[in-house]
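Note sheet for the following structure.
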Amino acid sequence: MKGLVALRSIKNRLCTDFDAFCRMILGQTPPPALSFASPIETLKPSIPALTNIERLFGDSIFWAVPKHRRSIEKRLKRKFGCIDDFYKMLLPRTDLFTCNQCGHSYQRRHLCPNCYKRVKDETTEFQEVIEKELGLEPIEQEVVVLYKGERTKQPVEEFFKGKRIIELKREKPSWFCRNLLQRTTIGNSDAKDVQPSELA
Amino acid sequence: MNQAEVSQLMSKLRIRVNPRHKNLKQPDGPQGRLNKLRRTVNALFKYERLELNYTLADETRGYAERLISEAIRHGDTHKPTMEMADYWIEEKQLIHKLFKVLVPRFNDYKTSYTMLYRAPKAYPDIVFPRSVLELRGNPFPAILPQRSDQRNFIHNVLLDEAKKAYRAEKYEEITKSLEEQREE
């Protein structure tokens with residue numbers, strides 16, 4: 001704190017008295033020697049006096065600048081990152097595959113998001129129904145969940161012997177649409193309509 | 001070779017057990033970890049299929065497998081096994097399920113009793129990896145789709161035979177036409 005105050009006082013003194021500052025820096029005052037005034041020199045515009053000490057400090061002295069050259073390795077690492085650690089460039093992903101069932105893309109060794117979502121929705125519905133049905137009673141039988149209309153298809157007594165059957169209120173979702181064999185385009189081979197040609 | 005199968009005499013889990021447990025960082029410390037594992041083991045026996053964070057699912061899997069294998073080996077008259085079941089299963093109606101449903105189900109299994117899948121991630125989100133843990137033989141629709149591309153499936157065998165028959169027919173037709181050309 002004391003040092004700061006001292007510095008400030010010095011600066012104030014310098015600002016007020018520039019001759020004192022010159023004496024301090026150069027060790028002497030400008031020489032009181034014999035001098036000739038040439039007409040050319042007198043015509044020269046006088047050099048502006050360095051009275052503004054703040055301008056002197058701001059322009060002629062560089063304060064915080066790099067002291068050493070940054071090596072090429074470090075510059076490259078800053079620019080592109082490290083390939084094993086944190087790589088900044090974009091790389092193509094090679095772990096994406098197409099699902100054989102639905103055609104959506106999935107990550108290698110992971111489940112297909114589309115197929116899994118379908119299964120998950122079914123599963124949560126099953127779980128809710130089973131939980132509601134079983135309640136707090138001791139569970140002593142395997143549980144089978146059937147969709148609406150499935151019960152009559154199977155010979156229930158033999159197939160699900162010793163199992164607890166829970167029936168859902170809706171039909172089994174079919175993975176295919178029902179009108180697969182219906183033609184999407186209906187056109188006769190002997191139609192005489194003239195098709196417009198060379199449409200832009 | 002009338003050797004007893006050693007694999008049946010010794011108890012061994014059919015899953016890979018990690019060399020070190022996972023801490024599952026908890027405010028309550030190790031006891032909190034055990035409580036969390038108990039809750040998930042209980043939920044696994046109740047719902048048979050869960051979606052969990054991968055670490056928790058992996059850790060739960062071992063405890064659930066161990067419990068089922070002990071139940072299969074010793075049955076419900078074995079006191080330590082029953083105590084273990086009582087500790088790990090919080091909803092007591094599921095203890096009945098363990099001994100009366102799961103033990104008969106898994107009695108003849110040669111594989112693990114649970115399955116662990118990696119759940120899909122939404123792309124740009126950076127999240128903890130999720131996974132799906134399930135008991136085998138559950139009543140839900142299968143997670144992995146049935147493969148239709150294997151050679152020994154019945155429809156593929158039938159299609160191959162149909163292809164062969166079609167080709168034989170075609171070759172016969174071609175030879176016939178060639179002979180006719182020669183006669184002309």
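Order of the sequence lines fixes the chain letters, A, B, ..., with proteins taken first and strands second; residue numbering starts at 1 for each chain.
- Taking CD1 of A/Ile130 as the start and OH of B/Tyr47 as the end, the distance is 10.5 Å to the nearest 0.5 Å.
- Between B/Arg49 and A/Val119 the shortest side-chain heavy-atom distance falls below 4.5 Å.
- By the 4.5 Å heavy-atom criterion applied to side chains, B/Pro120 and A/Leu111 are counted as neighbours.
- By the 4.5 Å heavy-atom criterion applied to side chains, B/Arg105 and A/Glu142 are counted as neighbours.
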Worksheet item: Hey, mind stepping through A/His110 and B/Tyr117 against side chain to side chain contact (heavy atoms under 4.5 Å, CB included) and telling me if it holds?
Response: CA-CA 7 Å; A/His110 287 242; B/Tyr117 305 96; over 6 Å; no
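- Checked against ring-ring contact (aromatic ring centres under 6.0 Å, His included), B/His78 has the following partners two or more places apart in sequence or in another chain: B/His74.
- Annotation for A/Lys117: atom NZ does not count as buried by contact number, only 12 or fewer foreign heavy atoms lying within 6.0 Å.
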Discussion item. Assess the residue pair A/Gln107 and B/Lys121 against the criterion (side chain to side chain contact (heavy atoms under 4.5 Å, CB included)); give the C-alpha distance rounded to whole Å, side-chain angles, the decisive distance to 0.1 Å, and a yes or no.
Written reply: CA-CA 8 Å; A/Gln107 200 183 338; B/Lys121 274 184 249 178; 4.2 Å; yes
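- For the pair A/Gln127/B/Phe140, a side-chain contact is recorded, criterion being any heavy-atom separation below 4.5 Å from C-beta on.
- The candidate with the highest count of non-hydrogen atom pairs below 4.5 Å against chain A, out of B/Leu98, B/Leu102, B/Leu144, B/Ile143, is B/Ile143.
- Heavy atoms closer than 4.5 Å to chain B are found in the backbone of A/Glu137, but not in its side chain.
- If you measure heavy-atom distances from A/Tyr116 to chain B, the contacts under 4.5 Å come from the side chain alone.
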